[in-house]
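A quick write-up on the structure given underneath.
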Amino acid sequence: MFLRLLPLIIFVACAFKPAATHHVPKPHIISKDEWGGKAPTNDIVEQQISKITIHHGGVDVPEDKDPIEYMRNLQSFSIDEKHWIDIPYHFCIDLDGAIYEARPLKYPGDTNTEYNPDGHALICVIGNYENQKIKPSQLDAIVNLSAWLADKYNIPVTEIASHKDYSTMTVCPGADLYKYLQDGTIVKRVQEILDKSKQE
Ligand SMILES: [Zn+2]
């Protein structure tokens, strides 16, 4: 009897297996507490993440700039001058490729341009990539962070894009970063990490 039921048991077990577990490792992210950031000033309507959108800061940042000071200034500017609840992005990447936690992911970001960032996980690479060159460590950070987010929130790699893909008002994320989106490098590398994690 048991043997006759076995195929059914296996079928049921497969049909009801728990939701996919996440295998892509979380990259090291410097928390708000570690860089001295404040909590958002307000609660706003929460978002469901379905896209990953890449930005640059748009301001030239010299190599010797302290990234912690940059993050603190960006948060003060965002709250005091722009009257946003927090930094407009969810993550920032510094000139060496270190990743910083910014606005909590549950809240939609903010923008100075016309697109609606609701549903987007926003990654900002500090610096101006119209003028500066993206370094391999920064590209690694974009790829590792995007792969972790894509896995965690089930975001198709086709939904990884940049600010200028949604807005005609900006050159963001700058020519030297945009080229890696345009030629498919970033998406291809994210897909490789996702594929590898599923074989493990
Ligand atoms: Zn942007």
Side-chain angles (χ1 to χ4, degrees), residues 27 29-30 32 35 37 40 44 47 49-62 65 67 70-135 137-150 153 155 157-187 189-190:
I29 297 172
I30 298 165
K32 257 186 168 171
W35 63 259
I44 54 173
Q47 66 173 353
I49 309 264
S50 60
K51 292 176 165 56
I52 296 169
T53 305
I54 297 166
H55 296 256
H56 72 163
V59 178
D60 290 57
V61 173
K65 175 82 182 173
Y70 180 94
M71 291 301 293
R72 290 178 183 170
N73 288 343
L74 177 60
Q75 192 179 39
S76 301
F77 169 79
S78 303
I79 292 172
D80 300 339
E81 306 286 325
K82 301 297 297 185
H83 307 291
W84 290 328
I85 63 160
D86 202 336
I87 289 173
Y89 316 107
H90 301 101
F91 302 96
C92 294
I93 294 171
D94 74 12
L95 296 183
D96 296 321
I99 305 169
Y100 298 77
E101 177 189 33
R103 177 178 303 222
L105 260 177
K106 66 179 179 178
Y107 296 134
D110 271 299
T111 176
N112 288 315
T113 61
E114 80 281 24
Y115 86 107
N116 177 2
D118 189 25
H120 296 235
L122 304 179
I123 300 173
C124 177
V125 186
I126 75 173
N128 179 349
Y129 299 93
E130 284 290 284
N131 304 328
Q132 294 179 261
K133 289 251 174 279
I134 277 282
K135 296 173 191 158
S137 60
Q138 293 176 300
L139 263 187
D140 289 348
I142 294 168
V143 166
N144 293 333
L145 181 57
S146 298
W148 173 67
L149 289 167
Y153 295 98
I155 306 167
V157 295
T158 48
E159 297 295 341
I160 300 173
S162 75
H163 189 174
K164 71 184 254 178
D165 297 313
Y166 295 102
S167 170
T168 54
M169 291 170 64
T170 182
V171 296
C172 177
D176 198 64
L177 174 47
Y178 190 65
K179 73 182 186 204
Y180 295 104
L181 283 149
Q182 210 171 21
D183 72 6
T185 301
I186 289 174
V187 164
R189 287 186 56 194
V190 169

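We count ligands from 1, going down the list as the structure has it; atoms in each ligand are counted the same way. One is the number of the first residue; the rest follow in order along the sequence.
Among the atoms of H56, none of the N, O or S atoms falls under 2.8 Å from the Zn ion (ligand 1).
Under a 4.0 Å N-O distance rule, the pair K135/D140 does not qualify as a salt bridge.
Taking the six-membered ring where tryptophan is involved, the planes of Y166 and Y115 are essentially parallel, since the angle between them stays under 30° and well short of 60°.
When distances from the Zn ion (ligand 1) to the N, O or S atoms of H55 are compared, ND1 comes out shortest. For H163, the N, O or S atom closest to the Zn ion (ligand 1) goes by the atom name ND1.
Here the side chain of Q47 pairs a donor or acceptor atom with the backbone of Y107 at under 3.5 angstrom. With hydrogens and angles disregarded, a donor-acceptor distance shorter than 3.5 Å links the side chain of Q132 to the backbone of N128.
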